[in-house]
Peer 1: 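Following this message is one structure expressed as structure tokens.
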Amino acid sequence: VIKRNGQLLSNIINDILDLSKVEAGKMEIERIEVPFSEIMKEISSSLSLGASEKGLKLIVGSQGTIPNHIKTDPLRLRQILLNIVGNAIKFTQRGSVQVTFQMLNVDGALKLAFIVKDTGEGIQPEQINRLFVPFSQADASTTRKFGGTGLGLVLSKKLANSLGGDIVLTETTPGKGSTFTITIDPGE
């Protein structure tokens with residue numbers, strides 16, 4: 001219990017520090033060429049245990065042609081994916097979480113997209129405006145029931161912006177699930 005709580009406190013402090021760096025314009029983004037398959041294998045193996053412990057099916061796959069290598073900050077991309085996919089697992093009680101990656105044309109630019117679809121609780125319409133607000137969660141019961149600080153989505157969105165992309169809630173149906181789309185600039 002002490003170790004778990006210590007890790008939770010460490011994660012909160014790291015999120016606050018990262019958010020402060022991003023907002024102050026001091027977050028350094030390192031764009032290096034990385035094998036895309038390595039990032040996806042790591043994300044899949046990191047999150048599959050949590051999904052299977054809850055009896056959820058984690059489905060990770062691609063649609064269309066995906067580059068073998070991308071030029072990005074792999075640490076920040078992992079941070080975004082672990083947060084968004086981790087949230088999908090956290091808020092899904094039964095069913096599945098599906099992560100599909102594909103190339104998308106966004107406003108005339110080619111972006112690498114990660115579409116995260118869950119069969120969880122969904123988001124109530126009145127809660128949507130609070131999604132990307134620091135220290136804000138859907139409602140007070142969310143913190144009590146699931147924990148968290150309300151920093152993960154806003155930090156992930158700012159990191160995705162730093163990587164030349166964005167995070168948007170593309171679909172949600174209360175009681176049926178949500179879909180978030182993460183985009184980044186994959187480089188040339």
Side-chain angles (χ1 to χ4, degrees), residues 36 39-67 70 72 76-134 136-139 141-143 145-186:
F36 182 70
I39 291 172
M40 291 319 300
K41 282 179 193 170
E42 185 179 320
I43 295 302
S44 186
S45 66
S46 296
L47 294 168
S48 61
L49 179 62
S52 65
E53 284 176 349
K54 289 184 74 176
L56 302 175
K57 188 172 184 182
L58 178 63
I59 304 160
V60 179
S62 65
Q63 186 174 344
T65 303
I66 304 295
I70 59 174
T72 191
R76 299 306 173 189
L77 178 56
R78 283 184 194 99
Q79 187 175 1
I80 294 166
L81 291 172
L82 287 171
N83 193 324
I84 301 301
V85 179
N87 275 354
I89 292 169
K90 178 167 61 170
F91 293 109
T92 301
Q93 300 308 313
R94 62 183 168 283
S96 64
V97 173
Q98 182 174 352
V99 182
T100 305
F101 36 96
Q102 66 186 71
M103 297 302 292
L104 288 180
N105 188 324
V106 179
D107 298 328
L110 214 49
K111 303 286 183 181
L112 178 57
F114 303 85
I115 299 145
V116 181
K117 182 178 179 112
D118 65 56
T119 58
E121 298 182 1
I123 300 165
Q124 297 296 328
E126 64 274 6
Q127 298 168 339
I128 292 172
N129 291 336
R130 292 193 296 253
L131 280 181
F132 297 102
V133 176
S136 179
Q137 291 190 320
D139 59 42
S141 68
T142 301
T143 305
K145 198 171 174 183
F146 297 102
T149 59
L151 290 175
L153 281 177
V154 70
L155 177 59
S156 294
K157 185 174 184 71
K158 289 180 183 284
L159 290 174
N161 294 158
S162 298
L163 296 179
D166 202 0
I167 298 177
V168 294
L169 173 66
T170 46
E171 183 182 351
T172 189
T173 305
K176 296 197 177 190
S178 299
T179 302
F180 283 85
T181 300
I182 304 159
T183 55
I184 64 161
D185 177 0

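Heads up: numbering here begins at 1 and tracks the sequence.
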Peer 1: How about Leu153 and Ile84: do any of their side-chain heavy atoms sit closer than 4.5 Å?
Peer 2: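 Result yes, sub-4.5 Å side-chain heavy-atom pair found.
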Peer 1: CD1/Ile43 to CD1/Ile39 distance, rounded to the nearest 0.5 angstrom?
Peer 2: 8.0 Å
Peer 1: Taking 4.0 angstrom as the limit, do Lys157 and Asp166 come out as a salt bridge?
Peer 2: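 So Lys157 pairs with Asp166 through a salt bridge.
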Peer 1: Which pair of heavy atoms, one from Val116 and one from Ala88, lies closest together, and at what distance?
Peer 2: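 For Val116 versus Ala88, the nearest heavy atoms are CG1-CB, 3.9 Å.
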Peer 1: How long is the gap from OG1 on Thr172 to NZ on Lys117, to the nearest 0.5 Å?
Peer 2: 10.5 Å
Peer 1: Can you tell me how far the CD atom of Glu42 sits from the CG atom of Leu82, to the nearest 0.5 Å?
Peer 2: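 The CD atom of Glu42 sits 7.5 Å away from the CG atom of Leu82.
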Peer 1: Could you give the distance from CG (Leu163) to CZ (Arg76), rounded to the nearest 0.5 Å?
Peer 2: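 One finds 9.0 Å between CG of Leu163 and CZ of Arg76.
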Peer 1: Run the side-chain contact (heavy atoms from CB on, under 4.5 Å) check on Phe101 and Ile66 step by step: do they pass?
Peer 2: CA-CA 8 Å; Phe101 36 96; Ile66 304 295; 4.0 Å; yes
Peer 1: Name the residue from Asn83, Ile182, Asn161 that meets the side-chain contact (heavy atoms from CB on, under 4.5 Å) definition with Ser156.
Peer 2: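 So the option named by the test is Asn83.
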Peer 1: Quick one: pull up OG in Ser48 and NZ in Lys57 and give me the separation to the nearest 0.5 Å.
Peer 2: 13.5 Å
Peer 1: Kindly give the heavy-atom pair with the smallest separation between Pro186 and Ile184, and that separation in Å.
Peer 2: CD-O, 3.3 Å
Peer 1: Okay, side chain of Asp118, backbone of Gly177: is any donor-acceptor separation there less than 3.5 Å?
Peer 2: no
Peer 1: Restricting to non-hydrogen atoms, name the atom on Ala51 and the atom on Leu58 that form the minimum distance, rounded to 0.1 Å.
Peer 2: CB-CB, 4.0 Å
Peer 1: State, with a plain yes or no, whether a side-chain heavy atom of Thr72 is found less than 4.5 Å away from one of Asp185.
Peer 2: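 Sidechains of Asp185 and Thr72: no contact.
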Peer 1: Could you walk me through whether Met40 and Val60 pass the side-chain contact (heavy atoms from CB on, under 4.5 Å) test, one step at a time?
Peer 2: CA-CA 8 Å; Met40 291 319 300; Val60 179; 3.8 Å; yes
Peer 1: Provide the closest heavy-atom pair for Thr92 versus Leu56 in the form atom of the first, atom of the second, distance.
Peer 2: O-CD1, 3.4 Å
Peer 1: Would you say that more than 12 heavy atoms from the other residues, nucleotides or ligands in this model lie under 6.0 Å from the NZ of Lys111, or not?
Peer 2: yes
Peer 1: Backbone N or O of Ser96 within a donor-acceptor pair of the Thr119 side chain at under 3.5 Å?
Peer 2: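 Between the backbone of Ser96 and the side chain of Thr119 there is a qualifying donor-acceptor contact (under 3.5 Å).
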Peer 1: Could you report the tightest heavy-atom contact between Leu47 and Ile89, atom names first, then the distance?
Peer 2: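 Nearest pair, atom of Leu47 first, then Ile89: O-CD1, 3.6 Å.
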Peer 1: Does the side-chain contact (heavy atoms from CB on, under 4.5 Å) test come out yes or no for Leu112 and Met103, once each step is laid out?
Peer 2: CA-CA 5 Å; Leu112 178 57; Met103 297 302 292; 3.7 Å; yes
Peer 1: Measure across Ile123 and Pro174 and return the closest heavy-atom pair with its distance rounded to 0.1 Å.
Peer 2: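 Taking Ile123 first and Pro174 second, the nearest heavy atoms are O-CG, 3.6 Å.
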Peer 1: Where the side chain of Ser52 meets the backbone of Leu49, is there a donor-acceptor pair that is under 3.5 Å apart?
Peer 2: yes
Peer 1: Could you tell me whether a side-chain N or O of Lys54 sits under 3.5 Å from a main-chain N or O of Lys90, the two making a donor and an acceptor?
Peer 2: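 Side chain of Lys54 to backbone of Lys90, a donor-acceptor pair under 3.5 Å: yes, one is there.
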Peer 1: Kindly say whether Thr179 contributes a backbone atom to a donor-acceptor pair with the side chain of Thr170 at under 3.5 angstrom?
Peer 2: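 A pair under 3.5 Å: yes.
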Peer 1: Using side-chain contact (heavy atoms from CB on, under 4.5 Å), reason through Phe114 and Ile80 one step at a time and then give a plain yes or no.
Peer 2: CA-CA 10 Å; Phe114 303 85; Ile80 294 166; over 6 Å; no
